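Predicted, not measured: the structure shown is a model, and the values here were computed from it.
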Amino acid sequence: MAGKAERCSILSEEKEFQKDMHPTVAELQSLLESKRATTRHVDEVWPNLFLGDLSTANNRFELWKMGITHVLNAAHGQRHSDGSPDYYGTSVTYHGISASDLPDFDMSKYFYSASEFIHKALNTSGGRLLVHCVVGISRSATLVLAYLMIHHQLSLIQAICKVQESRWVCPNTGFLQQLIHLDEELRGARQKQIQTNRHEGSA
């Protein structure tokens, strides 16, 4: 059976560099399942970007020890979620998104605003960010993947493989489909920009 790195490589070769080809939900689910493991409370999945669960987010002392300066809560207002500007105080910049972990929930409407919050947090001097939901594998993971795609030009498969180096994640099927659409949108925009640059260069 192909290992995770080999599976990522195979998918990259077959899908990522063919202009009109995109991964399917089934292929992404297979890639995600290849890394299934016991989920820890929190993991650093990108420099100074931590992906975690509710117990971590509700532990202000733990966040202080981690040096967290920003919190993005994808389960804002949900049961047992204490997250709010008042809860964290002035030492933490808070951003809450009231998302449901359901396939028919439109998470895509938050892709760009959440990515901008993450980007600004990580570009703040000393910035260390926790992105979380309840378990830290679906809602919050979806937003982290979108950030890597939007601000670091990773394809969806590349973003998944990067996060999988540190943490098992499993966005629901609806979120995966929305990420596929984002992948197509970003790929199309890059192709258009390349064509524009070529046209301007030959003018």
- Message: One pair to check against side-chain hydrogen bond (donor to acceptor under 3.5 Å, both in side chains): E27 and S30. What are the steps and the verdict?
- Response: CA-CA 5 Å; E27 287 171 331; S30 178; over 6 Å; no
Can you name the salt bridge (charged side-chain N to carboxylate O under 4.0 Å, His left out) partners of [X], sequence neighbours left out?
X: K192; answer: none
X: E44; answer: none
X: D43; answer: R40, R167

Does the side chain of [Y] come within less than 4.5 Å of [X]'s, by heavy atoms?
X: V45; Y: L148; result: no
X: V131; Y: L49; result: yes
X: L186; Y: L156; result: no
X: L63; Y: Y88; result: yes
X: W64; Y: R60; result: no
X: C133; Y: N73; result: no
X: V92; Y: H70; result: no

In chain order, what residues pass the side chain to side chain donor-acceptor pair (under 3.5 Å) check against [X], with sequence neighbours excluded?
X: N172; answer: D101
X: T69; answer: none
X: S84; answer: none
X: T39; answer: none

[X] side-chain N/O to [Y] backbone N/O, donor-acceptor pair under 3.5 Å:
X: N123; Y: H119; result: yes
X: Q158; Y: S155; result: yes
X: Q164; Y: R36; result: no

Suppose we screen for side chain to side chain contact (heavy atoms under 4.5 Å, CB included). Which residues come up paired with [X], at least two apart in sequence or across chains?
X: Q177; answer: V25, I180, H181
X: V135; answer: I137
X: P85; answer: Y94

Please give me the minimum heavy-atom distance between [X] and [Y], naming the atom from each residue.
X: D183; Y: P23; result: OD2-CD, 4.1 Å
X: L130; Y: G52; result: CD1-N, 3.8 Å
X: R128; Y: F50; result: NH2-CZ, 3.0 Å
X: E62; Y: N59; result: N-OD1, 2.9 Å
X: M149; Y: L179; result: CE-O, 3.6 Å
X: L143; Y: A74; result: CD1-CB, 3.9 Å

Say whether [X] and [Y] are linked into one hydrophobic cluster, either directly or through other cluster members, by side-chain heavy-atom distances under 4.5 angstrom.
X: L54; Y: L72; value: no
X: L51; Y: I97; value: yes
X: V163; Y: W168; value: no
X: V144; Y: F105; value: yes
X: V134; Y: I68; value: no

- Message: For Y87 and N58: C-alpha separation, side-chain torsions, deciding distance, then whether side-chain contact (heavy atoms from CB on, under 4.5 Å) applies.
- Response: CA-CA 9 Å; Y87 179 75; N58 286 346; 4.2 Å; yes
Just by distance, with hydrogens left out, do [X] and [Y] show a side-chain donor and acceptor under 3.5 Å apart?
X: Q78; Y: S81; result: no
X: S98; Y: H76; result: no
X: D53; Y: T56; result: yes

- Note on the structure: Value for NE2 (H132) from NE2 (H41), rounded to nearest 0.5 Å, stands at 14.0 Å
- Query: When you measure from the centre of the six-membered ring of F175, is the NZ or CZ of R139 under 6.0 Å away and within 45° of the axis?
  - Reply: no
- Task: Run the numbers on R187 and E184 for salt bridge (charged side-chain N to carboxylate O under 4.0 Å, His left out), then give the verdict.
- Result: CA-CA 5 Å; R187 190 193 301 266; E184 294 170 348; over 6 Å; no
- Item | Check against side-chain contact (heavy atoms from CB on, under 4.5 Å), T93 and T124 | CA-CA 11 Å; T93 302; T124 299; over 6 Å; no
All N/O donor-acceptor pairs, side-chain side in residues 110-118, below 3.5 Å, sequence neighbours left out:
from: Y112; atom 1: OH; to: E185; atom 2: OE2; distance (Å): 2.4
from: S113; atom 1: OG; to: Y110; atom 2: O; distance (Å): 3.3
from: S115; atom 1: OG; to: F111; atom 2: O; distance (Å): 2.7
from: S115; atom 1: OG; to: Y147; atom 2: N; distance (Å): 3.4

- Item | Residues forming a ring-ring contact (aromatic ring centres under 6.0 Å, His included) with W46, sequence neighbours excluded | H152
- Item | side-chain contact (heavy atoms from CB on, under 4.5 Å) assessment of Q29 paired with L176 | CA-CA 9 Å; Q29 287 179 313; L176 288 177; 3.8 Å; yes
- Task: Carefully, step by step, assess L129 and N48 under the rule side-chain contact (heavy atoms from CB on, under 4.5 Å).
- Result: CA-CA 6 Å; L129 167 72; N48 297 316; over 6 Å; no
- Item | Heavy atoms of other groups near K109 NZ, more than 12 under 6.0 Å | yes
